[in-house]
There are 2 protein chains.
Amino acid sequence: MNKKQLVVKISGALNLSKADAERTFDTITNTILDALKADDSVKIAGFGTYKVAKRKARVGRNPRTGEQIQIAASQKVKFLPAKALKEVFNR
Amino acid sequence: MNKKQLVVKISGALNLSKADAERTFDTITNTILDALKADDSVKIAGFGTYKVAKRKARVGRNPRTGEQIQIAASQKVKFLPAKALKEVFNR
DNA sequence: TTTCTATATGCAAATACTGCATATCCAATT
DNA sequence: AATTGGATATGCAGTATTTGCATATAGAAA
C-alpha cells in the first residue's frame, strides 16, 4: 500500500475529501518529525515508539571490491513496536 | 512526546477538537495496522515504509540463569526510514 | 489506581550496514 | 492517461549491531 492508497482509505473512514485526508496525514507525520528533530522521542501507546538512534563511526567494507572503508557516525529513526503491536503478529 | 501531547499538537494544527484529533490519529494507525495484518507493506513517500519482518526461530538464553532456551519464530513490525528522512538527521 | 513501558543483565544467532548497478516502483507533471 | 524523474528494492561479503530471552523495578500513561 502506498501513500495514495492510504489517503483514500483515511478519507473514506473519516469522511474527508482526499485533499483534506492527505493534509491531515501530512500534518501528523510532520508533527512526529518535528519532535524527532528536536531530539525528542514519540511514544504512541499500543502502537510503538519513534526515536532517533545515534550510530557510531565504524569500519565497513565495499562488498563489491572488498576494500575497507570508513563509515561516518550517523543517526537513524528507529521504530520500536509496542507490546500490543507485537502480539497482533504473534499468536 | 506521548500520544496525548501529539494529539494536542494535531488538534491545534488542524483546528480539530482533541477528541476528533485522537479519532483521526487512531483511524490512521488502524488503517496502517490493517494493511500490515494483511501482510501488506505500507510505503509513505518521504517518510518511510512499515513492513512485517519474519524472524526465524533460534537459540536464546535466560540472562538471569544463563540457561539456553529455544526461541520460536516470530514476526515484527519494522519501520524503514525513507531517504529524505535519513537526510534530515545526517547533514 | 491500574496498566503499560523502559531498563538492566549475558550471550548466541539473526540481521543490518556499506557501495553500487540494475530493476522496479511511485509521484508528479505534462 | 502517459511519461519521466526520482525513490526504493535487491544482491553481494564480511563485520558490527541488534535482537530476544526472564524478571523485577521504576517510571509513565490511561
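Being a predicted model, the structure only gives us computed values, none of them experimental. Here is how names work: the chains are called A, B, and so on, in the same order as the sequence lines, proteins then strands, and each is numbered from 1.
The closest side-chain heavy-atom distance from T49(B) to I44(B) is not below 4.5 Å.
Distances were taken from every side-chain heavy atom of K51(A) (C-beta onward) to each of dA13(C), dT7(C), dG19(C); the shortest belongs to dT7(C). In this structure, of dC21(D), dT17(D), dA30(D), it is dT17(D) that holds the atom nearest to the side chain of R58(A). With dA30(D), dG14(D), dC21(D) as the choices, the nucleotide that has an atom nearest any side-chain atom of A45(A) turns out to be dA30(D). Comparing atom distances between the K78(B) side chain and each of dG14(D), dA16(C), dA13(C) picks out dA16(C) as nearest. In this structure, of dC11(C), dG20(D), dC26(C), it is dG20(D) that holds the atom nearest to the side chain of S74(B).
One atom, NZ of K54(A), and another, P of dA16(C), lie 21 Å apart when rounded to the nearest Å. Note: CZ (R55(A)) to P (dT18(C)) measures 7 Å, nearest angstrom. Atom CD of Q70(A) and atom C1' of dA16(D) are 13 Å apart (whole Å). In this structure, L80(B) atom CG and dA9(D) atom P are separated by 7 Å, rounded to whole Å. Across the protein-nucleic acid pair, Q75(B) atom CD and dA14(C) atom C1' stand 16 Å apart, rounded to whole Å. Straight-line distance from the CG atom of D26(A) to the P atom of dA28(C): 9 Å, rounded to whole Å. The distance from atom NZ of K56(B) to atom P of dA16(C) is 12 Å, rounded to the nearest whole Å. At whole-Å resolution of the value, NZ in K3(A) and C1' in dG6(D) are 15 Å apart.
Atom NZ in K76(B) sits 10.0 Å away from atom CG in L85(A) (nearest 0.5 Å). We find the CZ-CG distance between R23(B) and L14(A) to be 6.0 Å, quoted to the nearest 0.5 Å.
Phosphate proximity of dT18(C) to R61(A): absent, as no side-chain N or O sits under 4.0 Å from OP1 or OP2. Taking only side-chain nitrogens and oxygens, N2(A) never comes nearer than 4.0 Å to OP1 or OP2 of dC25(C).
Place N62(A) and N62(B) on DNA chain D by their nearest nucleotides, and N62(A) ends up nearer the 5' end. Taking for each of K43(B) and K83(A) the nucleotide of DNA chain C with the nearest heavy atom, the 5'-most of the two is the partner of K83(A). Closest-nucleotide positions on DNA chain D for G48(B) and P63(B) were compared, and the one nearer the 5' end corresponds to G48(B). Map R64(B) and T49(A) each onto its nearest nucleotide of DNA chain C; the residue landing nearer the 5' end is T49(A).
Among the atoms of the strands shown, none is found under 4.0 Å from any heavy atom of T65(B). Using a 4.0 Å heavy-atom criterion, one finds that A82(B) contacts the sugar-phosphate atoms exclusively.
Look at E22(A) and K4(A) and you find no salt bridge, because none of the NZ, NE, NH1 or NH2 atoms lies under 4.0 Å from a carboxylate O. Salt bridge D39(B)/K51(B): absent, no basic N to carboxylate O contact under 4.0 Å.
A distance of 6.0 Å or more separates the ring centres of F47(B) and F25(A).
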